[in-house]
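In what follows, a single structure is set out as C-alpha cells and then discussed.
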Protein chains: 2
Amino acid sequence: MDSNGGGAAQARETGTLGKLMVLLDLVTHADAPLRFTDILALAGQPRGTLHRQLSHLVEEGLLELDGDGRYAPGLRLLDFAARSWARNEFRLIAEPHLADLQRATGETVHLGVLRGQSIIYLDKVEGRQPVRMYSQIGNASPCYCTGVGKAALSLLPAESLVDLVASLSFTSFTASTHISAETLLAEIREIADQGYAFDREEHEAGICCVAAPVWSEDRTFMGGISITGPAYRLSMELLHQWAVPVQLAAGRIMEGMRVRLGPRR
Amino acid sequence: MDSNGGGAAQARETGTLGKLMVLLDLVTHADAPLRFTDILALAGQPRGTLHRQLSHLVEEGLLELDGDGRYAPGLRLLDFAARSWARNEFRLIAEPHLADLQRATGETVHLGVLRGQSIIYLDKVEGRQPVRMYSQIGNASPCYCTGVGKAALSLLPAESLVDLVASLSFTSFTASTHISAETLLAEIREIADQGYAFDREEHEAGICCVAAPVWSEDRTFMGGISITGPAYRLSMELLHQWAVPVQLAAGRIMEGMRVRLGPRR
DNA sequence: ATCATTGTTCCATTATTTGGAACTTAATTT
DNA sequence: AAATTAAGTTCCAAATAATGGAACAATGAT
C-alpha cells in the first residue's frame, strides 16, 4: 500500500482535532473578535456542538472569550509560537548570514519556508528603525507572488510543482501579480535555471525584492532568503547585482546546516 | 458519569483536545526535538494511540516530523500566533505609551498579562539595538518573581490570590526569589497598597525592574508594564523615581482602553 | 409586559478514540 | 551475512467521546 511517498492529496482526516482546527482558523483569520452567532453562521454546525467545541478551545487557552461574549485568539498560542521559533534550527543557523546581508545592502532581509501553499516568514532583519516585532515573522503569505515563495517553488520536483500550482487560487494583489498557472510555471522554470527570483511589485505595490532558494538536505525546509525594499530605491539593475550576494548567503546557510545537521544523515 | 457539579477546581475535561494539547506541550517544552520513543516514555501511553495522536498533530501542522524521525513544534503555530498578536487590542492601545516610557527612561519596557500562573509577555520596546524579535514576546514567565507578575497578582481579589499562590511551586532562580507563599503574599499586599512593584533580581541575577499594574474593566486582562534593566545601572533609588512615570503610563493605557472599549459596556 | 433573539444544557444516538497484539522495518550484535 | 533486538506502523473489537435535536435560560427589542 502507499506510504506517503507518492504524495497524493491528503484526505485530511484528523477527526476531532481537524474540526477544532477549522474553528481556530476561523477565529484567528477574522478581522475582529467574533460572537457566537457569527461563528455559528460561518461554521454551519448545530448550536450545541459548536458551543461545546468553543468551550473546549477556551478551556485550553487556544481561544479567549471576553466580557462581551466575543471570541478572540488565545494567548497560549503566543507561548507555543515563541518556543517553536526560539528552537528552530534553520533560523538559528541562518540568522548571522541574514544580518551580514542586511549590513551589506542596508535593506530588509527575510527568511521564509514553504508550508503547504504558503510561505511562513521565520525571520526578518531590518535597518535602524524601531522594529515592528511580529510584523512579518510568523505571517503566512502566498507562494506565487513573493520572491521567497517563487524561489521555494523552484525547488520542487516537476510533478509536485504542477500539483501545487494547480491547487492555487490566484488573487490579483497588484497589476503584476501572476494570475495564471502557465505564466507562473514558466517563471518558476526560469528561476530554477538562474538560481534566483525577483518580486516585481507582485504582492504589494511599490515593494520589490531579490530572493534565492535555501533548503535542507532532507527537504524538511524548502524556502528562501530575500532582500526587500521600496521600488524607488531598488532598481531592477540593483536587484540584478544583488542576486550574487543573496545566492552566496544562501549557500553559506546551507553549508552551516550541513555542518550542524549533516554528520548524522 | 460525574458531571463536574461542584465546580471549584477545574477538572480540565476537554476530552480529545486536552490529551492532544498535553502532547503538544510536551514537545514544545522539550529542549530538543524528541523521537517517538522519547515521547512514548514521557506520555506513558500505548504505542498505537500515541502514534495516531502524533500523526494527527503533524497532519494539522502543529508538529513537524523531520527526516530523522524527530518531532518538533510546527510552523503553523507561528501563523496562529502572529494573528493573535497582530489583532490584540490591549497591545495595540498600550504600544505608544510603552514607546514613550522607553524614550523617557532609555531602558527596555515590557507589557505582560496574567494567564493561569504565568505572565505572558505581549510586547517589548527596546533601545537602539537590532531587536531579537521573539526574544521575550510570547514567553511565559512565572508570576511570583517578575515585576509584571507581582503587579498583576496585586489585582486579584483576596480569595483568588490565596488560591493561586497556594497552587504555585516555587523555583529559586536567584538568592532573592520568593520561595514561600507567606513572604510573597506579604509583598503582594504591600504592592496593592503602593500601586507599583519591584523585581530585585528575583528572576535573573543582575536584572531588576519597576512595574505597575494594568487591567481592563472586564478583568479579561490583568497584567502590567515594567521598566527593566541591569542592576548596575538601575539603582533602587532610580527605580523608586520611575515608579511615578510607570504608574502614569499604566493609567494612560487604561484610559485608552476605556475610550476604545468602554462605550459598549 | 411581550415577543424575538441569542446563548446554554441535556441525553439517546452515532462516530471516534482506545489499546493490545500482530506486523514491518531499521539498527545492532554475533 | 544471519540472527537478534529495538523502533515504528497498522489493525480491530471494546470503551469513550462527540453529535445534534430539542428543551431551557438569559438577554434585548418593541
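So that the names make sense, note that chain A is the first sequence line, chain B the second, and so on, each numbered from 1. Values below: all heavy atoms of this structure, side chains included; hydrogens, waters and symmetry mates excluded.
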Report yes if some heavy atom in the side chain of [X] is under 4.5 Å from a heavy atom in the side chain of [Y]; otherwise report no.
{"X": "A:Phe90", "Y": "A:Ile253", "answer": "yes"}
{"X": "B:Trp85", "Y": "A:Leu77", "answer": "no"}
{"X": "A:Leu155", "Y": "A:Arg219", "answer": "yes"}
{"X": "B:Lys19", "Y": "B:Thr49", "answer": "no"}
{"X": "B:Met21", "Y": "A:Phe80", "answer": "yes"}
{"X": "B:Leu17", "Y": "A:Thr16", "answer": "no"}
{"X": "A:Val27", "Y": "A:Leu57", "answer": "no"}

Quiz item: Is B:His51 near enough to D:dT9 that one of its side-chain N or O atoms lies under 4.0 angstrom from OP1 or OP2?
Solution: yes
Just the atom pairs and distances: protein N or O near nucleotides 18-22 of chain D's N or O, under 3.5 Å.
residue: D:dA18; atom: OP1; partner: B:Thr16; partner atom: N; Å: 3.4
residue: D:dT19; atom: OP1; partner: A:Gln53; partner atom: NE2; Å: 3.4
residue: D:dT19; atom: OP2; partner: A:Arg52; partner atom: NH1; Å: 3.2
residue: D:dT19; atom: OP2; partner: A:Arg52; partner atom: NH2; Å: 2.6
residue: D:dT19; atom: OP2; partner: A:Gln53; partner atom: NE2; Å: 3.3
residue: D:dG20; atom: N7; partner: A:Thr49; partner atom: OG1; Å: 3.2

Between atom [atom1] in [X] and atom [atom2] in [N], what is the gap in whole Å?
{"X": "A:Arg70", "N": "C:dG7", "atom1": "CZ", "atom2": "C1'", "result": "16 Å"}
{"X": "A:Phe36", "N": "C:dT9", "atom1": "CZ", "atom2": "C1'", "result": "12 Å"}
{"X": "A:Tyr71", "N": "C:dT6", "atom1": "OH", "atom2": "C1'", "result": "12 Å"}
{"X": "A:Leu50", "N": "C:dT9", "atom1": "CG", "atom2": "C1'", "result": "15 Å"}
{"X": "A:Glu59", "N": "D:dA17", "atom1": "CD", "atom2": "P", "result": "14 Å"}
{"X": "B:Arg35", "N": "D:dG8", "atom1": "CZ", "atom2": "C1'", "result": "12 Å"}
{"X": "A:Leu40", "N": "C:dT8", "atom1": "CG", "atom2": "P", "result": "12 Å"}

Self-check item: Net bend of the helix from C:dA1-D:dT30 to C:dT30-D:dA1, end axes of five pairs each, nearest 10 degrees
Solution: 40°
Listed pairs under 3.5 Å, donor-acceptor, residues 28-37 of chain A side chains, sequence neighbours left out:
residue: A:Thr28; atom: OG1; partner: A:Leu24; partner atom: O; Å: 2.9
residue: A:Thr28; atom: OG1; partner: A:Asp25; partner atom: O; Å: 3.2
residue: A:His29; atom: ND1; partner: A:Asp25; partner atom: O; Å: 2.8
residue: A:His29; atom: ND1; partner: A:Asp25; partner atom: OD1; Å: 3.3
residue: A:His29; atom: NE2; partner: B:Arg83; partner atom: NE; Å: 3.4
residue: A:His29; atom: NE2; partner: B:Arg83; partner atom: NH2; Å: 3.3

Exercise. Give me the one residue out of B:Leu26, B:Leu23, B:Asp38, B:Ile39 that meets side chain to side chain contact (heavy atoms under 4.5 Å, CB included) with B:Tyr71.
Key: B:Ile39
